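I have a structure I would like to understand better, so I am pasting it below and will then ask my questions one at a time.
Since we're looking at a predicted model, the values are computed, not measured. All values below come from the heavy atoms of this structure, side chains included, with hydrogens, waters and symmetry mates left out. Labels below follow one simple rule: chain letters A, B, ... track the order of the sequence lines, proteins then strands, and each chain is numbered from 1.
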Amino acid sequence: MSETPAEQPGAAPPPPDSEPPETFAARLSARYRIGGIVAPLITTVVAFLAGGIVVGATGHNPLSTYRAIFNGTGLNWLFPWVSGADRVDAAINLQQTLIQTTPLILTGLAVAFAFRCGMFNIGGQGQYLVGAYVAIFVGSSWAHLAGPAHVFLAVALAALAGAVWGGIAGFLKATTGAHEVISTIMLNWVAIWVGDYFFGLSGPFQGPDQFNPISNTVADSAKLPVFWGDPELQGLHVGIFIALGALVVFWVILNRTTIGYEVRAVGFNPSAAEYGGISVKKNYFRAMAISGMFAGCAGAMDILGWEFNLSTPAIHASSIGFIGVAVALLGRNTAIGTFLGALLFGALYVGTSTRQLDATVFDPQLASNLTLIIQGLVVLFVGADLLIIGIWQWRKRVRLRTRQPAG
Amino acid sequence: MAASPVLELRGITKQFPGVLANDHIDLDLKRGEVHALLGENGAGKSTLMNILYGLYRPDEGEISVNGKPVTFSSAKDAIAQGIGMVHQHFMLIPVMTVAENIVLGAEPTGAGIMLDYGAARERVREIARTFGFQVDPDARVENITVGQQQRVEILKALYRRADILILDEPTAVLTPQEATELFGILRSLKAEGMSVIFISHKLNEVLDIADRISVLRRGKKIDTVPRAGVTEEGLARMMVGRDVLLRVEKPPASVGDPLLEIHDLHVLDDRDIAKVRGVSLQVRAGEILGIAGVDGNGQTELVEAVTGLRTSSSGTIAVAGKTMPRHAHSRAMLDAGTGHIPEDRQRRGLVLEFSLAENIALHDYCYPPDSEHGWLFPRRLIQHARRLIKDFDVRGGGPTTRAGALSGGNQQKVVVAREVDRNPKVLVAAQPTRGLDVGAIEYVHRRLVTERDEGRAILLVSLELEEILSLSDRILVMFEGQIVGEYPPTATEEELGLAMIGAGKEHAA
């Protein structure tokens, strides 16, 4: 081991006794710190450049395609010079983008929170789904409740269901040491097939339509009110405020409560946390439950905000929980980063959808593939960016060891 | 002793980003001398030796061997010039025999490419005989002691015809007896005309073995002095740059009631092997009880059981007269009044990613004033940290600095500050000065004595006999999970050393 030069006044502090941090979360955070805010920005730009090459390969102009995608997201609504019919279109598009952003914020938080406790929650999808099931059940059956109470109960119980689903994985990790990646993946499948059974043909919760595997529809009293746009045309519901509130809750829990202190201590160094008097096992359970709560809440937002019912093909096709992993990774597991990541993926989804993308610029048949390609590229580059930072650090270490004199 | 230098370093300078690790260092090595390189952690000793061994290139300066200027671009070049290095962490392959390890990379070949094992063994025997080594060439490295492994490393260098040997902190891993044996070997190497550079930060052993001593401080060479006429105090002053109190000054203990009582404690390790086997002891208010022992004789498990980090399999622990439940978690032990300076501050004692303020709150974050009803008050954490940083003279950062950005000595000050400031009745200090330099050691030692005089019961566990002898009011020796003797602080290192390997006369414990 080389001696680490220390205690040089004014000098940049070199890593003292540079042992690698113990947990994945600690290593990741060390890399994040080096990459700063620049790395995720570069990641995104590079992903779009690579996407542009794909667009170019299909014989389209990448610049005009991206411009059309951007207009499809409705984000041009923010520009004051967009007016008239364009502005009306932009508003409708932006409402769609924010409707997609809402659950992505919440599933992103579900991944980020577990991450801060040193765990990788791949189970956002399952937690999202059980939240959605409970939201449908409460929303469609307790119609005698007054509006606000109905909505509140549906959201709260959906969040609780997600918490239970996440908590199972946390409980298993705390008591038997079962790795959360494995157990959450399996719980995803349990959630998917339970839904398939519930709402499938002649399932116990199949809706009135005997010939289609679709659930009951939630009552009007349980629907989240639309505050922007036409409720009949899928305007923007108030769920976006719940999601924004969840971002604040996430930040406050982590930084201003003893629960958050424990979560972060366990995430960085479980041995030191235990030494500090913190029960590591309790925190594994609690952090997974809180994570699941965010994801379960996401399920309620979609059901009570705009979907209102759920079909079994939709259950199988849904990937909101998985995109949450990319959102959290791109957002560095922070509140503000998760918001920006969710907005990016929500906008991408809407901007490239066949409905929003200008068909004269890009063939509608190709458009939905383009969504997946760009999403895939962003996810790929998020992973690669950690890899690149890792390689960069490694090279720096090697160079320190064997640095050649100049010239 | 021939006077012509076999090795000369002139004006060696090495700059790392932000740090001048070596600043125009001159050094010469005579034939047949042991030249000690003394300095605190971070003084630039290892950097200099890595330059000499071809692992780093100097930015400036030149090296000459036997009067000829040389440049090294890799360790291979250094070896070719007769320089051998024994690292602190051995580079041996455990499943191979001693002889195989020694010839590895320069194997005598018989017919074609096959290893001529017989020739290898013969050659190893021959070298061992020349220098008076006791090794079995056919033993597997995994089956021999650390001291013997070190000899294999030295033999490896000799096999490659080294006549300049660099030893990097060679005694750090050895028991006192093994260290004495090493010094015997070094003397016989010297008699055969070998030259040795001996890197250390321990004053007593440098005075024991060296012919000349060069002291480095903050990348500069302070002086080179002959062994004759220097004292420990003088060397310490050169190393640290100020007067250092080496002997801990300690008034006689005024002992009170027993605050920590352990009765017939048994503890298993992670692999369910009994590591503590029936330990009973008492630590009273106002005394330091030292536990000496070779690493791995159950000290770690004992400390973990006392601090609630490991559940004992039987026996009782009482803190301040209150018997703790067997499954008491670390939180219960903390609340009962124990403080703990853990043996590994980076793994246990600190969350390196946390700020100093968050680290200082590690035990009491859940109590007022740090938090109320689950709400944390970061500003109060920072205020608290600011006070401790000032009182305990922590340098290198403020309350919001990441703990990982501090030097080892200052990290340890943060740990000590936190534990002492909680005002514990019982303070468990496990290797509290591991990896610290002279100045920081002095600080921690003085602090432990102050805490003793405040009326705390202090359980000191250390692998450093000198530390045990200078701090303890009573000494227990632990061997294979049991207390094998109690000694007064006037005991000699030899007495304790024998007891530590299970060969001591049985003392009434």
Which atoms of B:Ala361 approach chain A - backbone, side chain, both or neither, heavy atom under 4.5 Å: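 Both parts, heavy atoms under 4.5 Å.
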
Who wins among B:His373, B:Arg418, B:Met333, B:Glu60 for the most heavy-atom pairs under 4.5 Å with chain A?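 Counting heavy-atom pairs under 4.5 Å, the top option is B:Arg418.
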
Over all heavy atoms of both residues, which pair between B:Ser330 and A:Gly277 is shortest? Give the atoms and the distance, please.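 Scanning both residues, the minimum pair turns out to be OG-CA, 3.4 Å.
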
Between B:Glu372 and chain A, with a heavy-atom cut-off of 4.5 Å, which part of the residue counts as in contact: side chain, backbone, both or neither?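 Neither part, no heavy atoms under 4.5 Å.
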
Quick one: do A:Arg264 and B:Glu353 make a salt bridge, cutoff under 4.0 Å?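 So A:Arg264 does not pair with B:Glu353 through a salt bridge.
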
Flag the pair B:Pro342 / A:Tyr275 as yes when at least one side-chain heavy-atom distance between them is below 4.5 Å, and no otherwise.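 Side chain of B:Pro342 against side chain of A:Tyr275, heavy atoms only: contact under 4.5 Å found.
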
Counting only heavy atoms closer than 4.5 Å, note whether B:Leu309 contacts chain A via side chain, backbone, both or neither.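 Its backbone and side chain both get close to chain A.
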
Against chain B, label A:Ile278 side chain, backbone, both or neither, depending on which of its atoms sit under 4.5 Å from a heavy atom there.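 Backbone plus side chain of A:Ile278, per the 4.5 Å heavy-atom cut-off to chain B.
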
Most chain A-contacting option - heavy-atom pairs closer than 4.5 Å, from B:Pro378, B:Gly397, B:Ser74, B:Gly308: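 Looking at each option in turn, the highest pair count goes to B:Pro378.
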
B:Trp375 CH2 to A:Ile259 CD1 distance, which is reported to the nearest 0.5 Å: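 Reported to 0.5 Å precision, the distance equals 9.5 Å.
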
What side-chain donor-acceptor pairs closer than 3.5 Å can you find for residues 429-436 of chain B, not counting sequence neighbours?
unit_1, atom_1, unit_2, atom_2, d
B:Thr433, OG1, B:Glu467, OE2, 2.4

A:Glu274 and side chain to side chain donor-acceptor pair (under 3.5 Å): which single residue from B:Arg331, B:His329, B:Arg348 fits?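 The passing option is B:Arg348.
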
Using the test ring-ring contact (aromatic ring centres under 6.0 Å, His included), find all partners of A:Tyr284 that sit at least two apart in sequence or belong to another chain.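 A:Tyr284 satisfies ring-ring contact (aromatic ring centres under 6.0 Å, His included) with no residue once adjacent residues are dropped.
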
May I ask you to decide if the ring planes of A:Tyr261 and B:Tyr365 are parallel, tilted or perpendicular, using 30° and 60° as cut-offs?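 Parallel.
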
Check for a donor-acceptor pair, side chain of A:Asn269 on one end and backbone N or O of B:Arg347 on the other, with a separation under 3.5 Å.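 Confirmed, A:Asn269 side chain pairs with B:Arg347 backbone.
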
B:Phe90, CZ: over 12 other non-hydrogen atoms inside 6.0 angstrom: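 Check passes, neighbour count above 12.
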
Kindly indicate, with the supporting measurements, whether the criterion side chain to side chain contact (heavy atoms under 4.5 Å, CB included) is fulfilled by B:Leu376 and A:Thr257. CA-CA 5 Å; B:Leu376 199 67; A:Thr257 70; 5.6 Å; no

Give me the atom names and distance for the closest heavy-atom approach of A:Ala272 to B:Val351.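 In terms of heavy atoms, the two residues are closest at CB-CG2, 3.8 Å.
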
Atom CG of A:Asn255 and atom CD of B:Glu358: how far apart are they, to the nearest 0.5 Å?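 Here the interatomic distance stands at 8.0 Å.
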
